[in-house]
J.: 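Sending over a structure as structure tokens; questions will come in a sec.
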Amino acid sequence: MNTIGKSLVSLLAGILAFLVVGVGVTEALASYVWPSAILGLPAGLVAGAVAIPFTYLGLTYRNERREAGQASVTTRRRLRTLLGATAGFVLGGGLAMAAVSTQAVGLVTAMFLVGFPAGLLAAVVGGYLAFRRSPVDRQPPGSATR
């Protein structure tokens, strides 16, 4: 699959993730939070923004495995970094939001003022750690061909 095809499939996957998560969260919280879309839309945006690169890198990984028998080091490192950043965002932002929402603060305030910034910081740290934990980094320069 060429780059344009992978980009279009990734964009469609991002739109689908946005719609499914956005509508799902909005409907699930409709009886608990009055403007439930204020939580559903950001959750859908994050899901869509994460689905786009995951889909693109997943298709790249699959194509490289079919053609060469093994994905390139760059593709594997990118997938690992994206996975680390996503896990950092979800865990760091979720824990920060949960901790602050136990106080006398609303859920929306906890999500936007604490959870999102803490999630971004945790995503940077998680992505960096996943990037640096590559087995290629532990090999002497020039010894890794793929």
J.: What about F18 and I15, same hydrophobic cluster or not, with Ile/Leu/Val/Met/Phe/Trp/Tyr joined at side-chain heavy-atom distances under 4.5 Å?
T.: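 Yes; tracing contacts between hydrophobic side chains, which count when under 4.5 Å, links both residues.
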J.: Answer with yes or no whether the hydrophobic clustering places F116 together with L45; edges join I, L, V, M, F, W, Y residues whose side-chain heavy atoms lie under 4.5 Å apart.
T.: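 Different clusters.
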J.: What distance do L57 atom CG and E64 atom CD have between them, rounded to the nearest 0.5 Å?
T.: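 So the gap between those two atoms works out to 9.5 Å.
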J.: Grouping I, L, V, M, F, W and Y whenever their side-chain heavy atoms are under 4.5 Å apart, do L120 and V114 come out in a common cluster?
T.: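 No, L120 does not connect to V114 through the hydrophobic network.
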J.: Go through the steps to decide whether T3 and Y56 satisfy the test side chain to side chain contact (heavy atoms under 4.5 Å, CB included), and finish with yes or no.
T.: CA-CA 9 Å; T3 303; Y56 187 86; 3.4 Å; yes
J.: Mind checking whether V20 and V50 sit in one hydrophobic cluster, side chains of I, L, V, M, F, W, Y counted as touching below 4.5 Å?
T.: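 Looking at the clustering, V50 is in a separate group from V20.
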J.: In Å, rounded to the nearest 0.5 Å, how long is the span from CG of L82 to CD1 of I52?
T.: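 Nearest 0.5 Å value for the CG-CD1 distance: 11.5 Å.
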J.: Quick one, Y128 with T81, criterion side chain to side chain contact (heavy atoms under 4.5 Å, CB included). Give me CA distance, side-chain angles, the key distance, then yes/no.
T.: CA-CA 7 Å; Y128 177 75; T81 302; over 6 Å; no
J.: Check whether F131 forms a cation-pi arrangement with R77 (NZ or CZ under 6.0 Å from the six-membered ring centre, at most 45° off the ring normal).
T.: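 Yes, R77 and F131 form such a contact.
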J.: Which distance, rounded to the nearest 0.5 Å, do you find between the CD of E67 and the OG of S72?
T.: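 Spacing of CD (E67) from OG (S72) equals 11.0 Å.
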J.: Which atom pair, heavy atoms only, marks the closest approach of P42 to A37?
T.: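 Where P42 meets A37 most closely, the heavy atoms are CD-O, 3.9 Å.
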J.: Could you state the interatomic distance from CZ (F54) to CG (L79), rounded to the nearest 0.5 Å?
T.: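 So the gap between those two atoms works out to 7.0 Å.
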J.: For G14 and A51, which heavy atoms make the closest approach, and how far apart are they?
T.: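 In terms of heavy atoms, the two residues are closest at CA-CB, 4.0 Å.
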J.: Once you round to the nearest 0.5 Å, how far does CG of N63 lie from NZ of K6?
T.: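 So the CG of N63 and the NZ of K6 are separated by 5.5 Å.
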J.: Please set out all donor-acceptor pairs under 3.5 angstrom arising from side-chain atoms of residues 89-101, sequence neighbours excluded.
T.:
{"unit_1": "S101", "atom_1": "OG", "unit_2": "M97", "atom_2": "O", "d": "3.1"}
{"unit_1": "S101", "atom_1": "OG", "unit_2": "A98", "atom_2": "O", "d": "3.1"}

J.: Atom OG1 of T26 and atom CG of L39: how far apart are they, to the nearest 0.5 Å?
T.: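 Here the rounded value is 8.0 Å.
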J.: Will you find, in the side chains of S7 and S10, an N or O donor that is under 3.5 Å from an N or O acceptor?
T.: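 S7 vs S10: no donor-acceptor pair found between side chains.
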J.: Tell me whether the count of non-hydrogen atoms from other residues, nucleotides or ligands lying under 6.0 Å of CZ in F112 goes above 12.
T.: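 Yes, enclosed.
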